[in-house]
Amino acid sequence: MRIGFIGAGRVGFTMGKYLKLRGEDITGYYSRNPEHAREAADFTDTFCFSNVQELIDKSDAIILTVSDSAIKTVFDSIKTYPGIAEKTLCHTSGSMSSDVFDDSPFQVYGYSIHPIYAISDKYASYKDFSNAFITIEGHEKHLDELESIFKSAGNKTGRLKSEDKSKYHASCVMASNLVCGLYGAAIDLLTECGFDKETANEMLISLFRDNALGIAEKGLIKQLTGPVDRNDVSTVKKHLEVMNEETKRLYIEASKHALNIAKEKNPDVDYTELTNLLK
């Protein structure tokens with residue numbers, strides 16, 4: 001499968017370089033900024049296309065590595081080009097499904113291919129991209145082929161239904177971006193104790209890092225500790241008494257989910273009083 005990229009940002013750089021190094025036929029890049037396309041082509045030792053139709057003609061699969069807001073716009077600009085017929089069209093959005101490719105006048109096969117991976121550096125992130133779990137959703141015709149490309153490259157993969165994309169993406173956000181919100185609330189509580197933010201971060205960072213590593217290595221159930229796990233109702237009460245309403249709501253909702261894990265971990269413990277407190 002000859003693979004071309006429309007868009008030359010971090011995802012395009014990373015995925016193109018990664019797949020090229022693993023023997024896939026990467027035709028090259030097209031971007032509305034020609035310099036970006038040239039840079040990506042040089043980095044991956046592929047071709048820079050000055051015309052998007054030429055990239056389509058030279059590729060069996062076209063991956064749109066553009067922002068979510070630009071996916072529909074880019075597709076609208078190419079969907080009436082006859083050369084797109086029978087092509088495989090993909091995007092890399094976590095939240096959008098392959099349905100965005102449904103209104104071409106020609107038969108195309110649409111997919112969303114999303115790596116659960118933080119691509120922070122367009123020049124270096126490909127080195128650890130084998131750690132990315134790849135989710136794929138779309139038309140049945142090429143699902144096996146697309147999945148085998150990433151499996152052969154060393155990635156774990158999973159399939160999604162289009163109607164589950166928003167729920168799936170919310171999960172990814174909660175496990176990554178929103179953790180920053182929870183950590184930020186913890187920093188704020190320490191600043192209320194008189195510490196500056198830099199000191200507060202120094203106090204918490206090892207705790208945060210070790211807990212994340214413990215979850216990764218041991219799993220949620222074995223890693224869970226703290227007052228909810230211990231069924232320490234009096235301590236939870238004291239916490240709630242000193243928080244403002246916004247932080248209290250965040251603490252309660254997070255504690256409810258921790259309580260579900262604690263009940264699974266400690267099936268013989270009666271958590272009734274704590275459950276009622278968190279209501």
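These numbers were taken from a predicted model, which means no experiment stands behind them.
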*Asks:* For atom CE of M1, is the number of surrounding heavy atoms from other residues, nucleotides or ligands below 6.0 Å larger than 12?
*Replies:*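 More than 12 heavy atoms, drawn from other residues, nucleotides or ligands, come within 6.0 Å of this atom.
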*Asks:* Are M174 and I261 connected in the hydrophobic side-chain network, where two residues link if heavy atoms are under 4.5 Å apart?
*Replies:*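 Shared cluster, no.
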*Asks:* Will you find, in the side chains of Y271 and N266, an N or O donor that is under 3.5 Å from an N or O acceptor?
*Replies:*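 Judged by distance alone, the side chains do pair up.
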*Asks:* Quick check: do V233 and K237 have side-chain heavy atoms less than 4.5 Å from each other?
*Replies:*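 Result yes, sub-4.5 Å side-chain heavy-atom pair found.
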*Asks:* Quick check for you: to the nearest 0.5 Å, what is the distance between I62 atom CD1 and I84 atom CD1?
*Replies:*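 Interatomic distance, I62 CD1 to I84 CD1, rounded to 0.5 Å: 6.0 Å.
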*Asks:* Answer with yes or no whether the side chains of Y109 and E86 bring together a donor and an acceptor at under 3.5 Å.
*Replies:*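 Judged by distance alone, the side chains do pair up.
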*Asks:* So among T247, L240, L277, which one has a side-chain contact (heavy atoms from CB on, under 4.5 Å) with I252?
*Replies:*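 Among T247, L240, L277, the one that satisfies the side-chain contact (heavy atoms from CB on, under 4.5 Å) with I252 is L240.
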*Asks:* Would you indicate whether K256, at its atom NZ, is surrounded by more than 12 heavy atoms from other residues, nucleotides or ligands within a distance under 6.0 Å?
*Replies:*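 Enclosed.
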*Asks:* Do the side chains of R10 and D121 get close enough for a salt bridge, i.e. N-O under 4.0 angstrom?
*Replies:*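 No.
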*Asks:* What's the shortest heavy-atom distance between Q223 and G214, and which atoms?
*Replies:*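 Answer, listing the atom of Q223 first, then G214: OE1-CA, 3.3 Å.
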*Asks:* Go through the steps for L146 and Y111 under the test side chain to side chain contact (heavy atoms under 4.5 Å, CB included), then give the verdict.
*Replies:* CA-CA 9 Å; L146 289 171; Y111 303 87; 3.5 Å; yes
*Asks:* Tell me the closest heavy-atom pair linking I187 and K197, and the distance in Å.
*Replies:*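 The pair with the smallest heavy-atom distance is CG2-CG, 4.1 Å.
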*Asks:* Show the nearest heavy-atom pair for residues C48 and A41, with the distance to one decimal.
*Replies:*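 Of all heavy-atom pairs spanning C48 and A41, the closest is N-CB, 3.7 Å.
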*Asks:* Looking just at side-chain N and O atoms, do T191 and D188 make a donor-acceptor pair shorter than 3.5 Å?
*Replies:*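 Side chains of T191 and D188: no pair found under 3.5 Å.
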*Asks:* If you look at every heavy atom in G7 and T65, which pair is closest and at what distance?
*Replies:*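 Here G7 and T65 meet closest at O-OG1, 2.9 Å.
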*Asks:* Verify, without hydrogens or angle tests, whether S152 (side chain) and I149 (backbone) share a donor-acceptor contact under 3.5 angstrom.
*Replies:*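 Absent.
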*Asks:* Heavy-atom distance under 4.5 Å between the side chains of L204 and L190, does that happen here?
*Replies:*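 Touching, per the 4.5 Å side-chain cut-off.
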*Asks:* Take L64 and T92 through the side chain to side chain contact (heavy atoms under 4.5 Å, CB included) test and state the conclusion after the steps.
*Replies:* CA-CA 7 Å; L64 279 59; T92 57; over 6 Å; no
*Asks:* For residues N211 and I215, determine if any side-chain heavy atom of one lies less than 4.5 Å from a side-chain heavy atom of the other.
*Replies:*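 Side-chain contact under 4.5 Å: yes.
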*Asks:* With a 4.5 Å limit on heavy-atom distance, are the side chains of F49 and K58 in contact?
*Replies:*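 In short, these two side chains touch, coming nearer than 4.5 Å.
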*Asks:* What distance do K156 atom NZ and N131 atom CG have between them, rounded to the nearest 0.5 Å?
*Replies:*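 K156 atom NZ to N131 atom CG measures 10.0 Å (nearest 0.5 Å).
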*Asks:* Checking T88 against D60: is there a side-chain donor and acceptor pair closer than 3.5 Å?
*Replies:*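 The answer is no; no qualifying pair exists.
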*Asks:* Do the side chains of I26 and I134 join up, straight or via other hydrophobic residues, at under 4.5 Å, putting them in one cluster?
*Replies:*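 I26 and I134: one cluster.
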*Asks:* Looking only at heavy atoms, which two atoms of A132 and P115 are closest? And how far apart?
*Replies:*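 What the structure gives for the nearest pair is CB-CB, 4.2 Å.
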*Asks:* Should the ring pair H114 and H169 be called parallel, tilted or perpendicular, given that the plane angle runs from 0 to 90° and is split at 30 and 60?
*Replies:*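 It falls in the perpendicular class, over 60°.
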*Asks:* Tell me whether F101 is reachable from I56 by hopping between hydrophobic residues (I, L, V, M, F, W, Y) whose side-chain heavy atoms are closer than 4.5 Å.
*Replies:*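 As far as the 4.5 Å side-chain criterion goes, F101 and I56 are connected within one cluster.
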*Asks:* Would you indicate whether K222, at its atom NZ, is surrounded by more than 12 heavy atoms from other residues, nucleotides or ligands within a distance under 6.0 Å?
*Replies:*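 Open.
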*Asks:* Between D144 and R159, does any side-chain N to carboxylate O distance fall below 4.0 Å?
*Replies:*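 Salt bridge present between D144 and R159.
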*Asks:* Taking atom CD of E246 as the centre, report whether more than 12 heavy atoms of other residues, nucleotides or ligands fall under 6.0 Å from it.
*Replies:*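 Atom CD in E246 is not packed in, count stays at 12 or less.
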*Asks:* Once rounded to the nearest 0.5 Å, what's the spacing between atom CD of E273 and atom CG of L278?
*Replies:*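 Taking CD in E273 and CG in L278, the distance rounds to 11.0 Å.
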*Asks:* Answer yes or no: is there a side-chain heavy-atom contact under 4.5 Å between K165 and M96?
*Replies:*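 No, too far: nothing below the 4.5 Å cut-off.
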*Asks:* How about Y183 and F208: are their ring centroids closer than 6.0 Å?
*Replies:*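 Close enough - the centres of the two rings lie under 6.0 Å apart.
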*Asks:* Looking only at heavy atoms, which two atoms of S93 and S112 are closest? And how far apart?
*Replies:*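 For S93 and S112, the tightest heavy-atom pair comes out as O-CB, 4.4 Å.
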*Asks:* Could you tell me whether the side chain of S125 and the main chain of T14 form a donor-acceptor pair under 3.5 Å?
*Replies:*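 Side chain of S125 to backbone of T14, a donor-acceptor pair under 3.5 Å: no, none is there.
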*Asks:* Determine whether more than 12 heavy atoms belonging to other residues, nucleotides or ligands lie under 6.0 Å from atom CD of E35.
*Replies:*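 Counting neighbours around CD of E35, more than 12 heavy atoms of other residues, nucleotides or ligands fall under 6.0 Å, so yes.
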*Asks:* For G83, is there any backbone N or O sitting under 3.5 Å from a side-chain donor or acceptor partner on Q53?
*Replies:*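 Not at all, since once roles are kept as given, no pair shorter than 3.5 Å links the two residues.
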*Asks:* Is there a continuous path of hydrophobic side-chain contacts, each under 4.5 Å between heavy atoms, that joins F150 to I119?
*Replies:*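 Both belong to a single hydrophobic cluster.
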*Asks:* Can T46 and K20 be counted as having a side-chain donor-acceptor contact under 3.5 angstrom?
*Replies:*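 Side-chain D/A pair, T46 to K20: absent.
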*Asks:* Under 3.5 Å, is there a donor on one side chain and an acceptor on the other for H239 and Y251?
*Replies:*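 There is such a pair (donor and acceptor under 3.5 Å, judged by atom type) between the side chains of H239 and Y251.
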*Asks:* Between the side chain of Y29 and the main-chain N/O of G12, is any donor-acceptor distance below 3.5 Å?
*Replies:*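 Checking the backbone N and O of G12 against the side chain of Y29, a donor-acceptor pair under 3.5 Å is found.
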*Asks:* Please check if atom CZ in R32 has more than 12 non-hydrogen atoms from other residues, nucleotides or ligands closer than 6.0 Å.
*Replies:*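 No, not enclosed.
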*Asks:* Measure from the side-chain N and O atoms of N276 to the backbone N and O of T272, and report whether any donor-acceptor pair falls under 3.5 Å.
*Replies:*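 Confirmed, N276 side chain pairs with T272 backbone.
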*Asks:* Test salt bridge (Lys or Arg N to Asp or Glu O under 4.0 Å) on R38 and D42; report intermediate values, then the result.
*Replies:* CA-CA 6 Å; R38 280 193 293 271; D42 289 343; over 6 Å; no
*Asks:* For the residue pair D57 / Y81, report whether a side-chain donor-acceptor contact shorter than 3.5 Å exists.
*Replies:*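 There is such a pair between these side chains.
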*Asks:* Tell me if the centroids of the rings in Y30 and F5 come within less than 6.0 Å of each other.
*Replies:*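 Distance test on ring centres: not under 6.0 Å, no.
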*Asks:* Would you check if there is a donor-acceptor pair between the side chains of D99 and S97 at a distance under 3.5 Å?
*Replies:*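 Checked: S97/D99 side chains pair up, N/O donor to acceptor below 3.5 Å.
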*Asks:* Can you check side chain to side chain contact (heavy atoms under 4.5 Å, CB included) on S130 and Y18, steps first, answer last?
*Replies:* CA-CA 8 Å; S130 59; Y18 177 74; 3.5 Å; yes
*Asks:* Quick check against the 3.5 Å criterion: does K79 have a side-chain atom that pairs as donor or acceptor with the backbone of P105?
*Replies:*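 Judged by distance alone, no pair lies under 3.5 Å.
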*Asks:* With rounding to the nearest 0.5 Å, note down the distance linking CZ in R22 to OH in Y126.
*Replies:*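 Nearest 0.5 Å value for the CZ-OH distance: 9.5 Å.
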*Asks:* Within the supplied structure, the quantity of interest is the number of heavy atoms (other residues, nucleotides, ligands) at a distance under 6.0 Å from E192 CD; does it exceed 12?
*Replies:*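 Yes, CD of E192 has more than 12 neighbouring heavy atoms, counting only those of other groups under 6.0 Å.
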*Asks:* Evaluate side chain to side chain contact (heavy atoms under 4.5 Å, CB included) for T27 paired with F47, printing each intermediate quantity in order.
*Replies:* CA-CA 6 Å; T27 54; F47 191 75; over 6 Å; no
*Asks:* Heavy-atom count check: over 12 atoms from other residues, nucleotides or ligands less than 6.0 Å from K167 NZ?
*Replies:*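 Result for NZ/K167: open.
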*Asks:* Are N155 and Y117 linked by a side-chain donor-acceptor pair shorter than 3.5 Å?
*Replies:*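 Distance-only check fails for N155 and Y117.
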*Asks:* So, taking the atom named CG in N201 and the one named CD1 in I205, what distance separates them when rounded to the nearest 0.5 Å?
*Replies:*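 Going from CG on N201 over to CD1 on I205, the span is 5.0 Å.
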*Asks:* Working to the nearest 0.5 Å, report the span between CG of L224 and CZ of R230.
*Replies:*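 So the gap between those two atoms works out to 10.0 Å.
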*Asks:* Can a donor-acceptor pair be found between the side chains of S234 and D232 at a distance below 3.5 Å?
*Replies:*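 Result is yes, a qualifying pair exists.
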*Asks:* For S176 and C172, indicate whether the former's side chain and the latter's backbone hold a donor-acceptor pair under 3.5 Å.
*Replies:*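 Side chain of S176 to backbone of C172, a donor-acceptor pair under 3.5 Å: yes, one is there.
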*Asks:* Hydrophobic clusters here meaning ILVMFWY residues chained together by side-chain heavy-atom distances under 4.5 Å, can you tell me if V52 and I71 are in one?
*Replies:*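 Shared cluster, yes.
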